[in-house]
Amino acid sequence: MDERQLRILRELGELGSVSAVAEALLVTPSAISQQLRLLQRSVPVPLTERQGRRLVLTDAGQALAGAAVEVEAALARARGAVEGFLGRPDGEVSVAAFHSAGAAFFPPLLRALAAPGMPRVALADEDVPQEDFPRLTREYDLVLAHRLDHTPPWPGTVTVTTLLREPLDVAMPAGHPLAAKRSVAPKDVAEEPWITVHDGFPVLATIEAIAAAAERRLHLAHRINEFAVVAEAVAAGGGIALMPRWTMRRHPDLVLRPLTGVRARRHIDALHRPERTARKAVRTVLTELRRAATLFQDRDDDAAGDRD
């Protein structure tokens with residue numbers, strides 16, 4: 001067996017089909033099948049089996065795919081050691097983020113890495129449904145993803161560094177009658193028109209929890225994913241919305257009020273494949289992301305003052 005064959009087996013376990021692996025690795029399905037056959041010859045027990053029209057991993061295949069992660073990490077560390085020995089630069093680190101995380105984290109990250117000798121970053125925005133974030137770690141060194149407190153954790157195929165556990169507050173125009181309250185409950189906001197995200201995105205689960213707590217169906221007036229656009233729509237009187245407390249830039253015409261009776265908090269996590277942090281450059285960028293997150297948390301006192 002060789003590194004490429006082990007990687008194909010690992011990808012098959014994650015993607016679930018030969019055609020999906022072929023697309024991800026930019027080769028033909030027949031080439032993937034050939035490499036799997038070669039790998040099977042070196043192992044005395046079946047690694048794959050048919051389930052209907054799909055080729056899936058057996059228990060032995062899953063065990064070998066798990067070992068493949070360790071092999072890739074070890075090889076990445078070995079390459080990193082060689083690069084360090086030869087004095088090569090750490091190079092470029094690719095970072096993807098959903099929109100509001102990109103708006104919050106990209107500027108301080110660029111400023112922190114502007115000094116000589118620091119890694120170069122290639123930044124991208126990727127706003128996808130929650131279940132699709134782990135797949136992005138195939139394309140990027142680091143992926144900033146979000147999920148709600150009560151949603152399932154990320155799969156074991158990725159390494160997770162939690163940057164923030166950020167409250168989601170109810171945003172409303174400054175002159176709204178509820179703005180006089182220090183906090184709002186689900187029944188306070190149940191009659192309001194709501195501006196929320198499209199189906200499949202994390203914040204919607206909290207909207208559904210508010211409806212359940214208020215024992216009524218909410219009126220979802222507008223579906224907008226980008227929080228900056230949501231802020232403008234709320235300020236214009238289009239409805240109320242859930243918005244992150246720390247990472248959004250303050251809007252002069254809005255106030256944020258904490259929500260009681262419902263868990264309204266999102267995780268902002270940095271996801272990556274285990275072998276990626278074998279590179280010093282990736283570790284450096286991850287450290288700067290943690291530092292930026294600490295600064296956002298330090299703003300909590302200011303945010304509390306704004307809500308008083």
Side-chain angles (χ1 to χ4, degrees), residues 1-33 35-36 39 47-48 54-57 61-62 64-80 90-99 101-102 105-106 109 119-147 152-163 200-202 267-283 285-286 289:
M1 64 183 72
D2 62 29
E3 177 189 1
R4 179 173 177 80
Q5 292 167 357
L6 290 174
R7 184 183 181 193
I8 288 172
L9 191 72
R10 173 185 174 182
E11 299 289 359
L12 179 61
E14 292 184 20
L15 297 177
S17 73
V18 169
S19 59
V21 175
E23 182 178 354
L25 299 183
L26 303 178
V27 297
T28 64
S30 62
I32 297 298
S33 297
Q35 290 300 314
L36 288 172
L39 176 60
L47 299 175
T48 61
R54 296 177 62 243
L55 188 67
V56 300
L57 300 187
Q62 291 174 2
L64 186 56
V69 175
E70 299 176 9
V71 170
E72 286 200 53
L75 288 171
R77 286 194 295 270
R79 296 187 188 102
D90 291 317
E92 184 176 273
V93 177
S94 56
V95 183
F98 62 97
H99 291 154
F105 281 91
F106 285 173
L109 185 61
R120 303 185 313 277
V121 287
L123 307 177
D125 62 330
E126 291 278 3
D127 206 17
V128 299
Q130 179 176 330
E131 64 270 16
D132 290 340
F133 279 110
R135 296 181 183 179
L136 294 176
T137 60
R138 186 174 296 103
E139 303 174 41
Y140 301 98
D141 293 311
L142 296 168
V143 175
L144 300 191
H146 56 153
R147 69 175 184 86
W154 302 110
T157 54
V158 296
T159 299
V160 181
T161 299
T162 296
L163 301 175
F201 289 81
H267 289 219
I268 299 181
D269 298 322
L271 311 183
H272 62 84
R273 291 193 163 195
E275 65 272 15
R276 301 287 184 154
T277 49
R279 295 177 57 212
K280 180 180 179 182
V282 176
R283 297 196 303 272
V285 173
L286 189 56
L289 289 170

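When a residue number appears, it is its place in the shown sequence, counting from 1.
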So do Phe98 and Asp125 actually touch side chain to side chain, heavy atoms under 4.5 Å? no

State whether the number of non-hydrogen atoms from other residues, nucleotides or ligands found under 6.0 Å of Glu23 atom CD is greater than 12. no

Quick test of your reading of the model: are Glu14 and Arg135 salt-bridged, counting only N-O distances below 4.0 Å? no

Please find the pair of heavy atoms, one from Ala65 and one from Leu9, that lie closest to each other, and give the distance. N-CD2, 3.9 Å

Is Leu271 close to Phe133 at the side-chain level, that is, under 4.5 Å between some pair of heavy atoms? yes

Find the distance between OG (Ser94) and CZ (Arg120) and round it off to the nearest 0.5 Å. 11.5 Å

For Ala97 and Gly102, the nearest pair of non-hydrogen atoms, with its separation, is CB-N, 3.7 Å

Listed partners of Phe201 passing ring pair (Phe, Tyr, Trp, His ring centres under 6.0 Å), at least two apart: none

Where is the tightest heavy-atom contact between Ala270 and Leu286, given as atom of each residue plus distance? CB-CD1, 3.8 Å

Can you confirm whether Tyr140 sits close enough to Val95 that some side-chain heavy atom of one is under 4.5 Å from a side-chain heavy atom of the other? no

Looking only at heavy atoms, the pair that brings Ala76 and Glu275 closest together is CB-O, 3.6 Å

Quick check for you: to the nearest 0.5 Å, what is the distance between Trp154 atom CH2 and Thr162 atom OG1? 10.0 Å

I need the Arg77 CZ to Arg279 CZ distance, nearest 0.5 Å. 15.0 Å

Non-hydrogen atoms of Gly91 and Ala281 that approach each other most closely: O-CB, 4.2 Å

Assess whether side-chain contact (heavy atoms from CB on, under 4.5 Å) is satisfied between Leu144 and Leu289, documenting all intermediate values. CA-CA 10 Å; Leu144 300 191; Leu289 289 170; 4.0 Å; yes

Is there a side-chain contact (heavy atoms from CB on, under 4.5 Å) between Arg4 and Val27? Walk through the geometry before answering. CA-CA 12 Å; Arg4 179 173 177 80; Val27 297; 3.3 Å; yes

Non-neighbouring partners of Thr159 that pass side chain to side chain donor-acceptor pair (under 3.5 Å), sequence neighbours left out: none

Whether Arg273 and Glu11 form a salt bridge (side-chain N of Lys/Arg under 4.0 Å from carboxylate O of Asp/Glu) is what I want to check. yes

Do Arg276 and Val93 make a side-chain contact, defined as non-hydrogen atoms from C-beta onward lying under 4.5 Å apart? no

About how many Å separate CG of Leu15 and CD1 of Ile8, when rounded to the nearest 0.5 Å? 11.5 Å

Spacing of His146 atom NE2 and Ile268 atom CD1 [to the nearest 0.5 Å]: 8.5 Å

Given side-chain contact (heavy atoms from CB on, under 4.5 Å), test Val121 with Glu92 step by step and report yes or no. CA-CA 5 Å; Val121 287; Glu92 184 176 273; over 6 Å; no

Where do Arg10 and Pro274 come nearest, in terms of heavy atoms and distance? NH2-CD, 4.1 Å

Determine whether Leu57 and Leu47 satisfy the following criterion, side-chain contact (heavy atoms from CB on, under 4.5 Å), listing intermediate values before the conclusion. CA-CA 6 Å; Leu57 300 187; Leu47 299 175; 5.7 Å; no

Any side-chain heavy atom of Leu12 within less than 4.5 Å of one from Thr48? yes

Could you state the interatomic distance from OG (Ser17) to CG (Leu55), rounded to the nearest 0.5 Å? 9.5 Å

Between Thr277 and Arg283, is there a donor-acceptor pair closer than 3.5 Å when you use the side chain of the first and the backbone of the second? no

Would you say that Val18 contacts Ser33 through its side chain, given a criterion of any heavy-atom pair below 4.5 Å between the two side chains? yes

Any heavy-atom pair between the side chains of Leu25 and Gln35 that's under 4.5 Å? no

Tell me if a side-chain donor or acceptor on Asp269 pairs with a main-chain N or O of Ala145 at a distance below 3.5 Å. no

Under a 4.5 Å cut-off applied to non-hydrogen side-chain atoms, are Val158 and Val160 in contact? yes

